[in-house]
Amino acid sequence: AKETGGGRTVHFQPEMDAERQERNMLEIDLRRAIERREINVVYQPVVDAQTWRLVGVEALARWDREGHGPVSPDVFIPIAESTGLIDQLGLFVLRRACEMIAHWPDLRLSVNISPGQFRDPAFAVHVGAVFREAETDPARITLEMTEGYFIRNPDRARIALATLQQLGVKIALDDFGAGFSSVGYLRQFGFDRMKLDKSMVHALDRGGRAVEMLQATVALARALDIPVTAEGVETENQALALKVSGCDELQGYMFGKPMSAGEIDALYRGDRRP
Ligand code: C2E
Ligand code: CA
Ligand code: CA
Ligand code: CA
């Protein structure tokens, strides 16, 4: 048996297979890390596609698991989602990031939101409270969401999205082109921005019809007056093709990996070119 941070005791059954046991340990450690505020937030630069000037940052959660080293968000976010820890984790990231952008008055901030958080009827209330406490102008904030919840619960999703938009935040459809997302969703749900998935960007290097796909996708978004941010931009060729296609903003290792607030601060105070 093991004492958890919350004072609960978890009994490991002998028949519990190794994988499940490891997952349980991960959950226990994650819960404790969230309680102890040991989750870090890093910031990835977002630049204007024309000028490459820094215009914003995307906040990304990081967890350095004690005794184990860094755990990928692709591992701990799904655990947080399936255990309900995501509500706490997500608001923590939002709060921390809102406090940081107070230091960078002309940057916009993107924060990722999981469907699980969206389901909480009080979510918009919590978000509003974070803005008030951090004295954040909601107009500077974009919440990024993937399409899954919108496809599964279109009616509830539409209401939740509109409620958040009433706070003054923008909502982006994340990972566009990775799943089943269609330009139709953008309009149907009233998204404010499209985040073009890195798979579409990286496909540019493999030729085929990737450029045509990209151009058609961006043209549709633009026809709907929805700005486009491309993610995963790693090369100048990609950056050029994206600019020519009409993308508004670019994000990727070429302009900067996710970095500490201190490093963003240096960029911000420097010549504003990552
Ligand atoms: P995402 O929202 O699509 O974030 C973009 C991911 O692409 C990040 O991975 C980022 O580090 C990575 N990336 C950025 N530029 C490049 C590039 O040029 N090339 C390549 N190959 N990758 C690039 P990361 O930080 O590992 O996050 C993975 C996912 O975990 C995120 O995907 C997001 O869905 C989720 N996530 C991270 N932080 C949070 C959070 O605070 N809340 C929620 N709900 N999800 C989060
Ligand atoms: Ca994102
Ligand atoms: Ca994305
Ligand atoms: Ca993603």
Side-chain angles (χ1 to χ4, degrees), residues 30 33-34 37-47 52 56-64 69-98 100 108-120 123 126-127 130 141-149 164 169-179 181 191-205 228-239 241-242 247 249-261 263-264 274:
L30 179 61
I34 294 169
R37 311 261 184 281
E38 286 167 1
I39 300 296
N40 288 314
V41 182
V42 290
Y43 303 87
Q44 185 172 33
V46 177
V47 305
W52 293 4
V57 292
E58 177 175 358
L60 294 156
R62 291 289 179 268
W63 178 30
D64 194 358
V71 181
S72 166
D74 290 325
V75 172
F76 72 81
I77 295 291
I79 294 176
E81 285 171 344
S82 66
T83 54
L85 289 168
I86 193 68
D87 294 321
Q88 228 184 315
L89 173 61
L91 285 174
F92 172 77
V93 172
L94 181 68
R95 191 175 303 116
R96 174 65 63 80
C98 282
M100 281 321 303
R108 287 183 288 110
L109 168 71
S110 286
V111 177
N112 294 287
I113 299 298
S114 293
Q117 293 174 267
F118 214 47
R119 242 182 271 123
D120 175 0
F123 178 58
H126 296 317
V127 170
V130 169
I141 310 297
T142 301
L143 304 179
E144 301 190 353
M145 321 220 10
T146 51
E147 86 247 338
Y149 185 62
L164 284 167
V169 292
K170 303 274 185 278
I171 315 278
L173 181 53
D174 204 352
D175 295 352
F176 191 95
S181 29
F191 284 98
D192 302 294
R193 178 173 292 270
M194 174 197 281
K195 285 291 289 274
L196 207 59
D197 190 67
K198 49 181 167 282
S199 60
M200 279 192 88
V201 174
H202 298 171
L204 290 170
D205 302 333
V228 179
T229 302
E231 68 180 24
V233 185
E234 295 178 356
T235 66
E236 279 195 50
N237 275 342
Q238 292 166 354
L242 289 159
C247 275
E249 294 176 356
L250 309 176
Q251 180 183 349
Y253 295 163
M254 182 186 160
F255 302 102
K257 295 199 170 184
M259 56 184 82
S260 70
E263 287 168 297
I264 292 289

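Remember, predicted model here, so these are calculated numbers, not experimental data. For ligands, and for the atoms within them, numbers begin at 1 and follow the listed sequence.
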Counting only nitrogen or oxygen atoms and a 3.5 angstrom limit, does [X] reach ligand 1?
{"X": "Ser72", "answer": "no"}
{"X": "Lys198", "answer": "yes"}
{"X": "Ser114", "answer": "yes"}
{"X": "Arg62", "answer": "yes"}

So between [options], whose heavy atom ends up nearest [atom]?
{"atom": "atom 38 (N) of ligand 1", "options": "Pro70, Ala97, Ala61", "value": "Ala61"}
{"atom": "atom 17 (C) of ligand 1", "options": "Lys257, Glu234, Gln238, Gln117", "value": "Glu234"}
{"atom": "atom 40 (C) of ligand 1", "options": "Val42, Ile77, Thr146", "value": "Ile77"}

(message) Between Gln117 and Tyr149, is the side-chain contact (heavy atoms from CB on, under 4.5 Å) condition met? List the steps.
(response) CA-CA 11 Å; Gln117 293 174 267; Tyr149 185 62; over 6 Å; no

Are the side chains of [Y] and [X] in contact, using a 4.5 Å heavy-atom criterion?
{"X": "Leu196", "Y": "Leu242", "value": "yes"}
{"X": "Ile77", "Y": "Leu89", "value": "yes"}
{"X": "Val75", "Y": "Trp63", "value": "no"}
{"X": "Val228", "Y": "Phe176", "value": "no"}

Using a 4.0 Å cutoff against the non-hydrogen atoms of [X], which atoms of ligand 1 qualify?
{"X": "Asp74", "value": "28 (C), 29 (C), 30 (O)"}
{"X": "Gln44", "value": "14 (C), 15 (N)"}
{"X": "Val93", "value": "41 (O)"}
{"X": "Glu58", "value": "2 (O), 4 (O)"}
{"X": "Pro73", "value": "24 (P), 25 (O), 26 (O), 27 (O), 30 (O), 37 (C)"}
{"X": "Asp175", "value": "3 (O)"}
{"X": "Asn112", "value": "2 (O), 42 (N), 43 (C), 44 (N), 45 (N), 46 (C)"}

(request) Check the pair Thr146 / Asn112 against side-chain contact (heavy atoms from CB on, under 4.5 Å), numbers first and verdict last. (result) CA-CA 9 Å; Thr146 51; Asn112 294 287; over 6 Å; no

(request) To 10°, measure the OD1(Asp174)-the Ca ion (ligand 3)-OE1(Glu231) angle for me. (result)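 The angle at the Ca ion (ligand 3) comes to 110°, rounded to the nearest 10°.
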
(request) For Ser110, enumerate each residue passing the side chain to side chain contact (heavy atoms under 4.5 Å, CB included) test, keeping only those at least two apart in sequence or located in another chain. (result)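 Here the qualifying residues are Glu58, Thr142, Glu144.
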
(message) Once side chain to side chain contact (heavy atoms under 4.5 Å, CB included) is applied, do any residues pair with Tyr253, and if so which ones, sequence neighbours excluded?
(response)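 Applying side chain to side chain contact (heavy atoms under 4.5 Å, CB included) to Tyr253 gives Gln44, Glu234, Lys257, Pro258.
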
(request) Quick one: do Thr235 and Asn237 satisfy side-chain hydrogen bond (donor to acceptor under 3.5 Å, both in side chains)? Show the steps, please. (result) CA-CA 5 Å; Thr235 66; Asn237 275 342; 5.3 Å; no

(request) Taking the Ca ion (ligand 2) as the reference point, name the nearest N/O/S atom of Glu58. (result)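 In Glu58, the heteroatom (N, O or S) nearest the Ca ion (ligand 2) is OE2.
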
(message) Counting only heavy atoms closer than 4.0 Å, does ligand 1 sit against the backbone of Glu231, its side chain, both, or neither?
(response)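 Answer for Glu231: side chain.
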
(message) Heavy-atom pairs closer than 4.0 Å: do any link ligand 1 to the side chain of Val111, the backbone, both, or neither?
(response)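 Contact part for Val111 vs ligand 1: neither.
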
(message) Taking only non-hydrogen atoms of Pro258, do any sit less than 4.0 angstrom from ligand 1?
(response)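 Contact check Pro258 vs ligand 1: positive.
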
(message) Using modelled atom types and a 3.5 Å cut-off, is there a donor and acceptor pairing between side-chain atoms of Asp175 and backbone atoms of Asp197?
(response)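 Pair absent, no side-chain N/O of Asp175 close to backbone of Asp197.
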
(request) To 10°, measure the OD1(Asn112)-the Ca ion (ligand 2)-OE1(Glu144) angle for me. (result)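 Between OD1 of Asn112 and OE1 of Glu144, at the Ca ion (ligand 2), the angle is about 90°.
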
(request) For the Ca ion (ligand 3), find the closest N/O/S atom belonging to Asp175 and write down its atom name. (result)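 Atom name of the closest N, O or S in Asp175: OD1.
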
(request) Using the side-chain contact (heavy atoms from CB on, under 4.5 Å) rule, take Ile34 and Phe92 through it: C-alpha gap first, then chi angles, then the decisive distance, then the call. (result) CA-CA 8 Å; Ile34 294 169; Phe92 172 77; 5.6 Å; no

(message) Quick one, Glu147 with Leu173, criterion side-chain contact (heavy atoms from CB on, under 4.5 Å). Give me CA distance, side-chain angles, the key distance, then yes/no.
(response) CA-CA 7 Å; Glu147 86 247 338; Leu173 181 53; 3.9 Å; yes

(message) Nearest 0.5 angstrom please: Tyr43 OH to Leu109 CG, how far?
(response)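 If I round to the nearest 0.5 Å, the distance is 7.5 Å.
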
